[in-house]
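Taking it in order: structure first as structure tokens, then the write-up.
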Amino acid sequence: MTSERAKTPPLSLVDIHPDASTEPFWVAAAEHRLVCQRCAACGTRRMPPGPVCAVCRSLDSEWDELSGLGTLYTFTIGRHALMPEMAGSLPHVIGVVELDDAPGIRLVANVVDVEVDEVAIGMALEVTWEDVPGTEVSVYRFRPPA
């Protein structure tokens with residue numbers, strides 16, 4: 001069987017609506033920076049971002065810039081279009097990436113720039129960005145390091 005290159009869903013499906021808690025994340029993403037919210041009181045990192053720390057209930061938070069390096073924790077391969085717009089985007093790899101410099105923080109993202117048959121749990125990955133044309137939005141993806 002011939003391996004196929006992983007594809008991504010069409011950018012026309014991206015529909016981001018930040019709120020007060022998530023806006024700093026998406027502003028940084030538009031600048032191609034990966035950030036993570038951290039409680040200013042107890043230091044607990046949280047993703048997705050939220051208004052209140054689940055550990056100490058503090059409302060104060062800060063944002064740490066991360067390296068964007070991570071490890072593939074788990075993944076699935078989409079081989080069937082669940083909606084017509086996805087028909088040209090198969091196969092695509094949806095992964096859960098554990099971030100190296102933010103223990104316990106995992107992001108769900110497409111894994112790109114890789115042959116589908118080469119994707120494996122434990123593989124090293126780095127963040128990459130895809131800008132949504134006509135907007136100020138950039139979507140994170142992960143790929144094997146260059």
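In this chain, numbering begins with 1 at the start of the sequence shown.
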Stepwise side-chain contact (heavy atoms from CB on, under 4.5 Å) test for I121 and F75: CA-CA 7 Å; I121 291 172; F75 70 96; 4.0 Å; yes
Is any side-chain heavy atom of [Y] closer than 4.5 Å to one of [X]?
X: T44; Y: C56; value: no
X: D131; Y: H32; value: yes
X: R46; Y: C39; value: yes
X: E85; Y: P9; value: no

Taking all non-hydrogen atoms of both residues, which atom of L90 and which atom of G78 are closest, and how far apart?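 Heavy atoms of L90 and G78 come nearest at CD2-O, 3.6 Å.
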Nearest atoms (heavy-atom pairs only) where D100 meets G70: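 That would be OD1-CA, 3.4 Å.
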Take a 6.0 Å sphere around CD of E23 and say whether it holds more than 12 heavy atoms from other residues, nucleotides or ligands.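 No, not enclosed.
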Heavy-atom count check: over 12 atoms from other residues, nucleotides or ligands less than 6.0 Å from E31 CD?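 Yes, the 6.0 Å shell around CD holds more than 12 heavy atoms from other groups.
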How long is the straight-line distance from [atom2] of [Y] back to [atom1] of [X], given to the nearest 0.5 Å?
X: I94; Y: T74; atom1: CD1; atom2: OG1; result: 11.0 Å
X: R141; Y: N110; atom1: CZ; atom2: CG; result: 4.5 Å
X: L99; Y: S67; atom1: CG; atom2: OG; result: 7.5 Å
X: M47; Y: L107; atom1: CE; atom2: CG; result: 5.5 Å

Indicate if [X] and [Y] have the same hydrophobic cluster label, given that clusters are the connected sets of ILVMFWY residues with side-chain heavy-atom separations under 4.5 angstrom.
X: F142; Y: V14; result: yes
X: V112; Y: V108; result: no
X: Y73; Y: L125; result: no
X: L69; Y: L72; result: no
X: Y140; Y: L66; result: yes

Examine the side chains of T128 and R143 and answer whether a donor and an acceptor come within less than 3.5 Å of each other.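 A donor-acceptor contact under 3.5 Å links the two side chains.
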Please step through side-chain contact (heavy atoms from CB on, under 4.5 Å) for the pair L34 and W129, ending with a clear verdict. CA-CA 10 Å; L34 185 62; W129 301 94; 4.1 Å; yes
Might you work through the side-chain contact (heavy atoms from CB on, under 4.5 Å) test for V116 and V93, ending with a clear yes or no? CA-CA 7 Å; V116 172; V93 179; 4.3 Å; yes
Donor-acceptor under 3.5 Å ([X] side chain, [Y] main chain):
X: K7; Y: H92; answer: no
X: D19; Y: S21; answer: yes
X: S89; Y: T8; answer: yes

Member of R45, R38, Q37 meeting the side-chain hydrogen bond (donor to acceptor under 3.5 Å, both in side chains) criterion with S61: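 Only one of R45, R38, Q37 forms a side-chain hydrogen bond (donor to acceptor under 3.5 Å, both in side chains) with S61, namely Q37.
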Parallel, tilted or perpendicular, judged at 30° and 60°: which one describes the rings of F25 and W63?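 If you compare the ring of F25 with that of W63, the planes turn out tilted.
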As a quick check of understanding, evaluate side-chain contact (heavy atoms from CB on, under 4.5 Å) for V52 and L59, giving each step before the final call. CA-CA 5 Å; V52 178; L59 298 174; 3.3 Å; yes
